[in-house]
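Position 1 is the first residue of the sequence; numbering continues from there. Counting starts at 1 for both ligands and their atoms, following the listed order. Keep in mind that the numbers below use all heavy atoms, side chains included, and drop hydrogens, waters and symmetry copies.
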Amino acid sequence: MTDCLFCRIVKGEIPAKKVYEDEHSLAFEDIDPQAPTHVLVVSKKHVAQKEDAELIGRLHLVAAEIGRQRGIEDGYRTVLNVGPKSGQSVFHIHVHLIGGRPMKWPPG
Ligand code: 5GP
Ligand code: ZN
């Protein structure tokens with residue numbers, strides 16, 4: 001989708017600090033990090049809804065691998081914001097990997 005921010009990052013039209021890439025997914029640093037690690041793992045294809053169970057699983061596995069590489073397995077969050085009330089602003093499926101600091105519960 002030409003007007004989708006994450007599609008444009010996937011296509012290289014908008015620069016991002018990439019941390020991982022494979023056939024299905026791309027991970028890059030969030031522009032407004034909420035923790036020492038704040039990585040977005042996005043699907044390469046434009047998927048707005050969570051209709052693709054395999055893809056969701058892949059994105060979570062990529063997030064877990066990045067968490068391992070960064071040594072933050074003692075506590076991190078993988079977050080899917082869903083809908084405007086959750087704070088979702090980009091309607092292209094993505095998992096937030098947030099960690100590297102103590103996390104509070106419940107999240108805001
Ligand atoms: P959402 O709120 O939809 O769950 O997550 C969107 C995320 O994209 C936000 O955390 C926001 O900081 C991040 N973001 C917005 N614009 C850009 C950008 O141009 N580059 C990068 N790397 N992240 C962005
Ligand atoms: Zn998109």
Side-chain angles (χ1 to χ4, degrees):
M1 257 172 78
T2 50
D3 60 346
C4 170
L5 175 66
F6 290 168
C7 284
R8 295 191 68 195
I9 288 176
V10 167
K11 281 192 243 163
E13 293 174 3
I14 293 174
K17 280 178 75 179
K18 292 182 188 177
V19 301
Y20 174 87
E21 183 167 13
D22 65 25
E23 188 187 345
H24 305 281
S25 57
L26 176 69
F28 52 88
E29 303 285 350
D30 195 291
I31 204 167
D32 182 21
Q34 302 302 309
T37 284
H38 189 168
V39 168
L40 300 171
V41 188
V42 316
S43 64
K44 282 197 167 170
K45 69 176 176 181
H46 183 87
V47 177
Q49 305 280 331
K50 301 192 301 303
E51 73 249 18
D52 188 333
E54 189 185 325
L55 183 57
I56 302 291
R58 285 183 192 281
L59 300 182
H60 278 277
L61 288 176
V62 169
E65 179 56 29
I66 296 168
R68 267 193 294 279
Q69 285 171 5
R70 296 193 173 196
I72 58 168
E73 294 157 285
D74 58 339
Y76 65 77
R77 294 252 165 82
T78 49
V79 175
L80 277 172
N81 288 325
V82 180
K85 277 193 203 163
S86 76
Q88 186 178 12
S89 58
V90 181
F91 294 84
H92 170 135
I93 193 136
H94 58 282
V95 170
H96 294 253
L97 167 64
I98 300 170
R101 63 164 167 79
M103 313 291 283
K104 292 192 179 123
W105 189 261

Does a side-chain heavy-atom distance below 4.5 Å link [X] with [Y]?
| X | Y | answer |
| --- | --- | --- |
| Q69 | V19 | no |
| V10 | H46 | no |
| V79 | Q34 | no |

Heteroatom proximity flag, I14 to ligand 1, N/O under 3.5 Å: no
Within-cut-off N or O pair, L5 and ligand 1, under 3.5 Å: no
Check [X] against ligand 1 and report side chain, backbone, both or neither, counting heavy atoms closer than 4.0 Å.
| X | result |
| --- | --- |
| I31 | both |
| F28 | side chain |
| L40 | side chain |
| Q34 | neither |

Plane angle bin for F6 and F28 - parallel if under 30°, tilted between 30 and 60°, otherwise perpendicular: perpendicular
Pull out every atom of ligand 1 sitting under 4.0 Å from any heavy atom of [X], numbered as shown with elements.
| X | result |
| --- | --- |
| G87 | 2 (O) |
| E29 | 22 (N) |
| F6 | 8 (O) |
| V90 | 3 (O), 6 (C) |
| D32 | 12 (O) |

Check: H92 ring centroid to H94 ring centroid under 6.0 Å: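 No, the ring centres sit 6.0 Å or more apart.
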A16 near ligand 1 by a heavy-atom separation under 4.0 Å: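 No, A16 has no heavy atom closer than 4.0 Å to ligand 1.
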contact_flag H96 ligand 1 heavy-atom lt 4.0 Å: yes
Identity of the nearest option to atom 5 (O) of ligand 1, non-hydrogen atoms only, from R8, H94, Q88: H94
Reported CD-to-CG distance for the pair E29 and L40, which is rounded to 0.5 angstrom: 9.0 Å
Among T78, D30, V41, side-chain contact (heavy atoms from CB on, under 4.5 Å) partner for H96: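 The option that passes is D30.
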Residue that, paired with T2, satisfies side-chain contact (heavy atoms from CB on, under 4.5 Å) out of R8, E13, K11: K11
Residue and atom name of the nearest protein heavy atom (relative to atom 12 (O) of ligand 1), distance in Å to one decimal: D30 OD1, 2.5 Å
SG (C4) to the Zn ion (ligand 2) to ND1 (H46) angle, given to the nearest 10 degrees: 110°
Check: Q88 side chain, V90 main-chain N or O, donor-acceptor pair, under 3.5 Å: yes
Full working for side-chain contact (heavy atoms from CB on, under 4.5 Å) between I9 and V42: CA-CA 10 Å; I9 288 176; V42 316; over 6 Å; no
Residues S25 and R58: side-chain donor-acceptor under 3.5 angstrom: no
H92 atom (N/O/S) at minimal separation from the Zn ion (ligand 2): ND1
